[in-house]
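All of these numbers come straight from a predicted model, not from anything done at the bench.
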Amino acid sequence: MNVTTETFERDVIERSRELPVVVDFWAAWCGPCRTLGPAIEAEVGKREGSVELAKVDVDAEQVLAARFGIQSIPTVAVFVDGRPVTGFIGAHPAAAIGRFLDGVVAEHTEAVDAEAVDAA
């Protein structure tokens with residue numbers, strides 16, 4: 001989903017309280033962004049229901065880029081519980097993105113399981 005300054009709070013911050021939201025900060029003119037985009041979309045798609053993808057065009061959404069200190073693109077940030085917790089910069093092969101996302105999903109699942117035990 002494409003995210004704007006107006007929708008960021010709902011689509012990323014609030015949604016990240018339910019599951020990890022991967023935010024791809026990109027621009028249309030950026031060659032590595034055009035390489036990363038399809039790979040990250042495919043890898044997130046394989047993990048549908050466990051992680052969500054949000055895309056932020058840094059040219060159109062300069063306020064968001066500044067808010068999160070984006071200086072290089074593509075930059076990927078993972079939000080959990082309303083805040084960025086991990087990420088990477090640059091285009092990576094699909095297999096590396098998949099391993100990264102598997103780690104994010106596993107860490108989130110462990111945290112949710114721990115919360116359930118604490119609540120019981």
Side-chain angles (χ1 to χ4, degrees):
M1 94 187 91
N2 291 318
V3 178
T4 65
T5 303
E6 293 76 28
T7 64
F8 193 86
E9 185 70 28
R10 178 191 71 228
D11 292 344
V12 176
I13 302 299
E14 293 305 317
R15 184 71 171 134
S16 75
R17 298 184 196 292
E18 300 167 18
L19 75 163
V21 177
V22 178
V23 181
D24 176 12
F25 291 91
W26 69 284
W29 52 264
C30 167
C33 297
R34 291 192 307 270
T35 300
L36 177 68
I40 200 165
E41 289 167 13
E43 292 300 319
V44 167
K46 292 176 185 176
R47 293 153 184 86
E48 188 173 341
S50 299
V51 65
E52 194 157 318
L53 178 63
K55 298 181 70 74
V56 175
D57 179 340
V58 296
D59 287 338
E61 303 301 332
Q62 294 179 12
V63 170
L64 286 175
R67 176 177 169 189
F68 294 103
I70 305 303
Q71 296 181 352
S72 298
I73 54 172
T75 291
V76 172
V78 178
F79 285 72
V80 173
D81 291 327
R83 60 187 176 81
V85 296
T86 189
F88 61 86
I89 296 172
H92 295 271
I97 295 167
R99 287 190 299 274
F100 173 78
L101 293 175
D102 287 343
V104 166
V105 169
E107 190 168 317
H108 181 261
T109 301
E110 290 171 11
V112 169
D113 290 346
E115 288 174 12
V117 168
D118 290 344

Hydrophobic cluster membership, with links at side-chain heavy-atom distances under 4.5 Å among I/L/V/M/F/W/Y: are [X] and [Y] in one?
X: Val22; Y: Val56; value: no
X: Val85; Y: Val104; value: yes
X: Leu101; Y: Val12; value: no
X: Ile70; Y: Val78; value: no

Check: Mind checking what makes salt bridge (Lys or Arg N to Asp or Glu O under 4.0 Å) contact with Asp24, not counting sequence neighbours?
Finding: Lys55
To the nearest 0.5 Å, what is the distance between [atom1] on [X] and [atom2] on [Y]?
X: Phe88; Y: Leu36; atom1: CZ; atom2: CG; answer: 5.0 Å
X: Ile40; Y: Leu53; atom1: CD1; atom2: CG; answer: 5.5 Å
X: Leu64; Y: Thr4; atom1: CG; atom2: OG1; answer: 7.5 Å

Notebook entry, point to check: Do Val3 and Val23 come close enough that some side-chain heavy atom pair is under 4.5 Å?
Noted result: no
Next item on the list: May I ask you to decide if Ala28's main-chain N or O and Arg34's side chain share a donor-acceptor pair within less than 3.5 Å?
Entry: yes
Item checked: Shared-cluster residues of Leu19, by chain and number - hydrophobic side chains joined below 4.5 Å -> none
For [X] and [Y], work out which heavy atoms get closest and say how close.
X: Gly82; Y: Ile13; result: O-CD1, 3.5 Å
X: Pro74; Y: Ala91; result: CG-N, 3.9 Å
X: Val44; Y: Val51; result: CG1-O, 4.0 Å
X: Ala27; Y: Val58; result: CB-CG2, 4.0 Å

Checklist line | Glu14: partners by side-chain contact (heavy atoms from CB on, under 4.5 Å), with sequence neighbours left out | finding: Glu9, Arg17
Next item on the list: May I have all residue pairs that pass side chain to side chain donor-acceptor pair (under 3.5 Å) and include part of residues 67-77, sequence neighbours excluded?
Entry: none
Note to self: Under the side chain to side chain donor-acceptor pair (under 3.5 Å) definition, can you give me all pairs with a residue in residues 86-104, not counting sequence neighbours?
What the structure shows: Arg47-Asp102
Item checked: Step-by-step side chain to side chain contact (heavy atoms under 4.5 Å, CB included) determination, Glu52 to Glu18 -> CA-CA 10 Å; Glu52 194 157 318; Glu18 300 167 18; over 6 Å; no
Item checked: Selection residues 18-77 - residue pairs positive for ring pair (Phe, Tyr, Trp, His ring centres under 6.0 Å), sequence neighbours left out -> Phe8-Phe68, Phe68-Phe79
